[in-house]
Every structure is written in structure tokens, then in C-alpha cells.
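Worksheet: the structure to be examined is printed underneath.
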Number of protein chains: 2
Amino acid sequence: MPEVQKERTKRADAVRNKDAIIDAALTRLSDNPGASMAEIARVAGVGRVTLYGHFADRKDLVGAVFERAMDRAEAELAAVDIEQDTWNSLQEIVQSSWRVLHQFNALLAAAEPYLSADQIRAHHDKPLARVVSVLEKGRSEGIFRTDHSLTWQAACFYAILHSAAAEIRAERLDEVAAAKILPSTIRALLVPPDLPTDKSLH
Amino acid sequence: MPEVQKERTKRADAVRNKDAIIDAALTRLSDNPGASMAEIARVAGVGRVTLYGHFADRKDLVGAVFERAMDRAEAELAAVDIEQDTWNSLQEIVQSSWRVLHQFNALLAAAEPYLSADQIRAHHDKPLARVVSVLEKGRSEGIFRTDHSLTWQAACFYAILHSAAAEIRAERLDEVAAAKILPSTIRALLVPPDLPTDKSLH
DNA sequence: GGTAACCTGAACATCATTGTTTGAGTAGTC
DNA sequence: GACTACTCAAACAATGATGTTCAGGTTACC
């Protein structure tokens, strides 16, 4: 046989623990990027040594957490249909991007010191590409303003999302209200200035 | 004489050093909230012991830095005339808020663990109040949309500003372009939907 | 039910940072 | 030009985090 032998199957409690550790790390690092290994182990309900049994070091753990977060993000964003009516896909992409961001907010700050700029960039670009493609579609249809750069509009898109996450953390906004107000805010950024979107004007 | 005697005047090099330390801390902490005392001293061109001669501990230093930042912010924002035409004062407050934020961005993250929530809130509310008062004025004049809450609009205001700061750091935007694009972006957020601001419509 | 895989707390070495002390040197101030 | 406030590097103790080792104790699995 080739050397792809998966080194035996892991024991059930081992995979369960490893999973719990990643989950705990996801939770804690999203709240505080500097959370200690001890704290993560504690939240995972596991000894500190066990944690180091599964992950060589902090970098290793953060990498795994980052990967899981990105997988979830991808799954969420891939579900959006880009080909439908532009305003609809915008709304959908806002909502799913929102859900993603709301969860894995500060996580990137934890990952930043460990992953290379290229790695982060690569993982960050995939979701961005989906947003940009919707922006481009809207532009080509003439329903989005073009006097602001695509880059800037995409940045604002994420800024507004981040803002909503922060407002929720500060308890000045709840998730239901956020889901409602976000699309109309983003829409305001994209509508051409001084022109109603309603065709009845002309 | 009463006991308000200012314990002799400090020597010139002492005040110069203290000043340099605050400046260095302002710079370094804005870039990295976890910057070490050693690094700050080095940037200030001063021995670590000298730093501790002027500031009892980290908390003391961060407090002084925070205060200086807030003073500058206040001075900058107080220069804006609120009573003029609303769109103009909006533009001016965008630009000065922008200048403030661009400089003292991550600083709040450094101050957060040391200052009480109330202190931060108090210092944060002053600039916010100016923004809100312009928003209220625009609403009462019927030129700003009212279907989004004041709180949310203010949050978006700062989110867009933060976004511009981040874009500049990433070198996807320069300061000149930022000063130009920010007002029109903020304006887009505030204009009532589906209605041109131009009165010629009706 | 036996075996190996896995978990555990306790203890340890290492490292970075904070904050302090000392003792001697330097430079403002009068 | 002398006094003294101030500065400095080096060395110190204290803390807290990381990562490792060890010597049992469980528990999944066949």
C-alpha cells in the first residue's frame, strides 16, 4: 500500500475533545484574540496537557480554528445565488455575510500574527470576490453608482457589517433589527446619487 | 500661602522628555495597543527608568496618552460650526472627525483595560454628541432619512470613518482621496431613500 | 477483560514584560 | 561654577504565559 495510510482511526473521545477544543477556541478567540491556552482548555472542559496533545502549539491551534471558521463561512456564502435579481442577491449576500462576520469577528486578529499575509489575504479574498461580483453586476446594469471605486464600496460593505456586530455587542441593537436594517443601509451606499431607483421618474 | 504650591517648576529637559514619552506612546499604542514600555521608551529616545520616573505604571501612562488624544480631538471638533447650513456642517464634521480618528485609532483598545467603562464612555460621548446634533438638525429640516435610528446612523458614521483609516493603512486609499470620498459616502447614508435631494423634482 | 490510547494534575524550564533599586554620570538652573 | 534635579544602564524580583515531562488514572475498543 502507498504511504497515505491514515495512521489508524482516532479514538472517539479524542476526536470529541479535539472538536471541543476548536469550538472553545473559536468562542474565546472571537471574544478576545489574546485568550490564553489555559483558558481555552478550561472552556473546552479539558486539561491543558490534552490541548497540547492535539495541537503542537498556539500557532497550530489558531490555524485549525481559522480553517474551521473559513469553512463555515464558505458554506454559508456559497449558498447565495448570484444569478438572480441583483437587489435580491445583494440582500442575500448581505445577510449571509453578516451571519459569518457576526461570529468570526475578532478571530482574524488572533490569526493575524501566525498566518502569513498571503494566507489571510487568500482566505479573505474569497468572500470578498462574491461581494465584488454582485457589485459589478449592479454596475453593469446601471443600478449602482459608479463614482465610488469598487474597492471602496466593498470596504464600506464590510465596515457596515462590522458596525452592526459592534452595536450588538454593545447591546444597542439586536439581531432581528440588524437583519432588517443592514440591507437598506447597504442599498443606500450603492444607489446612484440624486436619482430615484424608481423608473417612473423618466 | 495655600497648599496649591505646584511643587517647584519642573526642569526643562524633564518636561521635554515627558512630552516625548507621551508622543511616542501615542504613536506606538495607536499602531499596537500592546506595545511594551521598553519599546515606547526606546522610541521616545529615553531610558526605561526615566519613563517610570515620569509615570508610575502602564496605567498611568496610558491615562496620560488618552487624555492628550482626547484634548486634541476636542480641539479639532470644537472648531466646527454647527449652526451653518446642515450639509456644510456635516461635511466639516466628517472631515475633522476623520482627522481625529485616523490618528487615534487603535488607541482606545490600549486604554480600554485601564480606564473604567464610564470614563471611556464619557470621553467617547462628547464627539458623538456633536455628530448626533448635526443628525438631529438634518432630521428636523427633513433632509435626512428617519427610517434608520439615530444610534445606527451615528454608528455607521464612525464605521465608515474607521473603514477609510483601514483602507489607508492597507494602502488601497490615500488621504487626499479619503477626504474627498468620505463626505459623499456619509451623505449617501443620510439622504432619504427614493427621493432626490434636488428640489427640482417637485 | 485486557490493552493501548487517551486523559489528568502537578511540576518544571523558558521567556517576555512589568516595575524597582542602585550608584554613578550629566546637564539644567540659580 | 556649584548645586541638584534629572538621566542612565545594569541588575533584580515578580508575574504570567508557553510548552514539556512525568507518573498515574480512565475509558474506548477488540
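Order of the sequence lines fixes the chain letters, A, B, ..., with proteins taken first and strands second; residue numbering starts at 1 for each chain.
- OP1 or OP2 of C:dC7 lies within a sub-4.0 Å distance of a side-chain N or O belonging to A:Asn17.
- At whole-Å resolution of the value, CG in A:Leu61 and P in D:dA17 are 16 Å apart.
- Aromatic rings from B:Phe157 and B:Trp98 are positioned such that their centres are separated by 6.0 Å or more.
- Nearest nucleotide to the A:Val49 side chain, out of D:dC6, D:dC8, C:dA10: C:dA10.
- If you take CG of A:Asp60 and P of D:dG19, they are 10 Å apart, rounded to a whole angstrom.
- With C:dT18, C:dC7, D:dC8 as the choices, the nucleotide that has an atom nearest any side-chain atom of B:Ser36 turns out to be C:dT18.
- One interatomic measurement links the two molecules: CZ of B:Phe55 to C1' of D:dC6, which rounds to 15 Å at whole-angstrom precision.
- We find the CG-CD distance between A:Asn32 and A:Glu39 to be 6.5 Å, quoted to the nearest 0.5 Å.
- Summarising the local packing, CD of A:Glu141 is surrounded by more than 12 heavy atoms from other residues, nucleotides or ligands at distances under 6.0 Å.
- Rounded to a whole Å, the CZ atom of B:Arg42 is 12 Å from the P atom of D:dA9.
- When each of C:dC6, D:dT7, C:dG19 is scored by its nearest atom to the side-chain atoms of B:Asp57, the top-ranked nucleotide is C:dG19.
- The side-chain contact (heavy atoms from CB on, under 4.5 Å) with B:Val94 is formed by just one residue from the set B:Val131, B:Val80, B:Leu182; it is B:Leu182.
- Across D:dC6, C:dC6, C:dG19, the shortest atom-to-atom separation from the side chain of B:Arg58 is found for C:dG19.
- Rounded to an integer number of Å, the gap from CZ of B:Arg28 to C1' of C:dT17 is 16 Å.
- In terms of phosphate contacts, A:His54 brings a side-chain nitrogen or oxygen within less than 4.0 Å of OP1 or OP2 of C:dC7.
- Residue order along DNA chain C, read from the 5' end via each residue's closest nucleotide, puts B:Ala38 first among B:Arg16 and B:Ala38.
- Of the listed nucleotides (D:dA28, C:dC7, D:dC6), D:dA28 has the atom at the smallest distance from the side chain of A:Arg11.
- Among the protein residues, A:Thr50 comes within range of the nucleic acid bases, having at least one heavy atom under 4.0 Å from a base atom.
- Side chain of B:Met37, nearest nucleotide from C:dT18, C:dC6, D:dT7: C:dT18.
- Going from atom CG of A:Asp13 over to atom C1' of C:dT8 covers 13 Å, rounded to whole Å.
- Listed nucleotides C:dC6, C:dT18, D:dC6 differ in distance to B:Tyr52; the shortest reach to its side chain belongs to C:dT18.
- Summarising the geometry, the separation between CG on A:Leu51 and P on D:dG19 is reported as 10 Å, rounded to the nearest angstrom.
- Between A:Ile21 and A:Ile40, the shortest heavy-atom distance links the atoms O-CG2, 4.1 Å.
- At a cut-off of 3.5 angstrom, the base of C:dG19 holds at least one donor-acceptor pair with the side chain of B:Arg48.
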